[in-house]
Amino acid sequence: MLTAFARAFKTPDLRKKLLFTLGIIVVYRVGTHVPIPGVNYKAVQTCVNEASGNQGLFGLVNMFSGGALLQITIFALGIMPYITASIILQLLTVVIPRLEALKKEGQAGTAKITQYTRYLTVALAILQGTGLVATARSGALFNGCSVASNIVPDQAIFTTITMVVCMTAGTAVVMWLGELITDRGIGNGMSILMFISIAATFPSALWAIKKQGTLAGGWIEFGTVILVGLVMVALVVFVEQAQRRIPVQYAKRMIGRRSYGGTSTYIPLKVNQAGVIPVIFASSLLYIPALVAQFAGGNSGWKLWVQNNLTKGDHPIYIVSYFLLIVFFAFFYVAISFNPEEVADNMKKYGGFIPGIRAGRPTAEYLSYVLNRITWPGSLYLGLIALVPTMALVGFGATNNFPFGGTSILIIVGVGLETVKQIESQLQQRNYEGFLR
């Protein structure tokens, strides 16, 4: 494996792509530490230290930004606006016929949808940036911090507009950096930046667990968390690579003196067909009532109920709601992303059939049956992985500091596998062995 890495850097064009990707990553990480104008940097650092391990509602967004959100830097919003915009466009493609037609137009239609995603990203960045500035000005960004009200000392409207513009520009730059990696580097740019953002929070989170530990100076807890993380990575890799292969046979056709078709292939249906999307959907949906309750005035009954039941990760109502939402969104996303009828029609058009299944409607029904059966274990697996931070709360009392949580480990393993596959495919094009001999 180390020899393969050395060969990758010995290949001129592949080395150029790898170094370009590393350079963009350095620029991205530098931007996550540049504060925006109008922010009291000392007060922010004081509140970050006091709020360590207690990030509350902003924990997920802070993780996706690589810790830049609570630092209130120019890249504070990170890639969350782009992720949200991509998910919204993907869902709207199923609902709006115009977008569905664009998706079927090939590269030109995809470019148009990408342009719509960029516009929506900027709009969401303005909205989220305004919300973050308002939260920072009110002192609600760091509940319980002694200097939270001094984070934005200048309350003038011009200062507020400047802060929002800087955050929106930072989001546009992050989007541009991701597209540069996709075009001129290795792997999917946005996925790589997401990978780096999450991985950047690992060292501090692991060290916080060590400091909070009581057994052998915290080293027992530290080693246990590392061991649990390795087991989880192995489990996630195993499930992410698992697939049900449905055999497909193509009929042999004679055109002139040549025969076409007669080949055998398969349709790979992954156990986790939805990826990490259901976890993000469920987290976002549970954040909405908690966020509304946080900014609502007074102490009404519904506000207290939400704060007591839907903001604490170890509460039974929160755990059950989170798990059920993940299972629901797993089925929902698979239903809109994989169309058995369309696959069956394409197979019939090109003379393909599943052995023992008639072409057309019986094939679509069979694909739906298989897809529903493998989605059940996939959705249950997602729900169990996502609840690992809650189990960490019970075991170590460190929910927000537990780095190997559901969303983070799924994204890191998924992006890592995909990037390694791309590097390996480029190595094999040059008659080199891949990473695994």
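Keep in mind the model is a prediction, meaning the values are calculated, not measured. In this chain, numbering begins with 1 at the start of the sequence shown.
The salt bridge (Lys or Arg N to Asp or Glu O under 4.0 Å) contacts involving residues 106-117 comprise nothing, where partners must be two or more places apart or lie in separate chains.
When the shell of 6.0 Å around CZ of Arg373 is examined, it contains 12 or fewer heavy atoms from other residues, nucleotides or ligands. For Gln107, the CD atom sits in a loose shell: 12 or fewer heavy atoms of surrounding residues, nucleotides or ligands are nearer than 6.0 Å. Other residues, nucleotides and ligands contribute only 12 or fewer heavy atoms inside 6.0 Å of the CD atom of Glu341.
Residues Met167 and Thr130 are not in side-chain contact: their nearest non-hydrogen atoms beyond the backbone lie 4.5 Å or more apart. Put simply, the side chain of Met194 does not reach to within 4.5 Å of the side chain of Ser197, judged on heavy atoms. Between Ile326 and Leu387, the closest side-chain pair of non-hydrogen atoms is not below 4.5 Å. Side chains of Pro37 and Cys166 form a contact here, defined as non-hydrogen atoms less than 4.5 Å apart. Within the 4.5 Å cutoff, side-chain heavy atoms of Phe338 are placed close to those of Leu371. Side chains of Ile246 and Tyr266 form no contact here, defined as non-hydrogen atoms less than 4.5 Å apart. Contact annotation: the side chain of Tyr116 never approaches that of Leu92 to less than 4.5 Å [non-hydrogen atoms, C-beta and beyond].
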Evaluate the criterion side-chain contact (heavy atoms from CB on, under 4.5 Å) for residue pair Leu77 and Leu124; output intermediate values, then yes/no.
CA-CA 10 Å; Leu77 300 179; Leu124 290 175; over 6 Å; no
Report the C-alpha separation of Val279 and Phe329 in whole Å, then their side-chain angles, then the decisive distance to 0.1 Å, and conclude whether the side-chain contact (heavy atoms from CB on, under 4.5 Å) test is met.
CA-CA 8 Å; Val279 180; Phe329 281 121; over 6 Å; no
Just do the side-chain contact (heavy atoms from CB on, under 4.5 Å) check on Phe328 and Leu324 with the steps written out, would you?
CA-CA 6 Å; Phe328 168 76; Leu324 293 178; over 6 Å; no
Show the numbers, then the answer: is there a side-chain contact (heavy atoms from CB on, under 4.5 Å) between Gln422 and Lys17?
CA-CA 12 Å; Gln422 288 201 22; Lys17 289 182 178 181; over 6 Å; no
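For the pair Tyr381 and Val236, the tightest heavy-atom approach, listed with the atom from each and the gap, is OH-CG1, 3.5 Å. The two residues Pro278 and Leu382 come nearest to each other via the heavy atoms CG-CD1, 3.9 Å.
A donor-acceptor pair under 3.5 Å is formed between the side chain of Thr73 and the backbone N or O of Thr32. Proximity of a side-chain donor or acceptor of Thr21 to a complementary backbone N or O of Ile186 within less than 3.5 Å is detected. Between the Glu418 side chain and the Val415 main chain, no donor and acceptor come within less than 3.5 Å of each other.
Ring geometry for Tyr322 versus Tyr318: interplanar angle of 30 to 60°, hence tilted. Between Phe75 and Tyr28, the ring planes are parallel. Angles under 30° get that label, and only those over 60° would be called perpendicular. Using bins of under 30°, 30° to 60° and over 60° for the plane-to-plane angle, the ring pair Tyr369/Tyr366 lands in the tilted bin.
With values rounded to the nearest 0.5 angstrom, Arg137 atom CZ is found 3.5 Å from Thr160 atom OG1.
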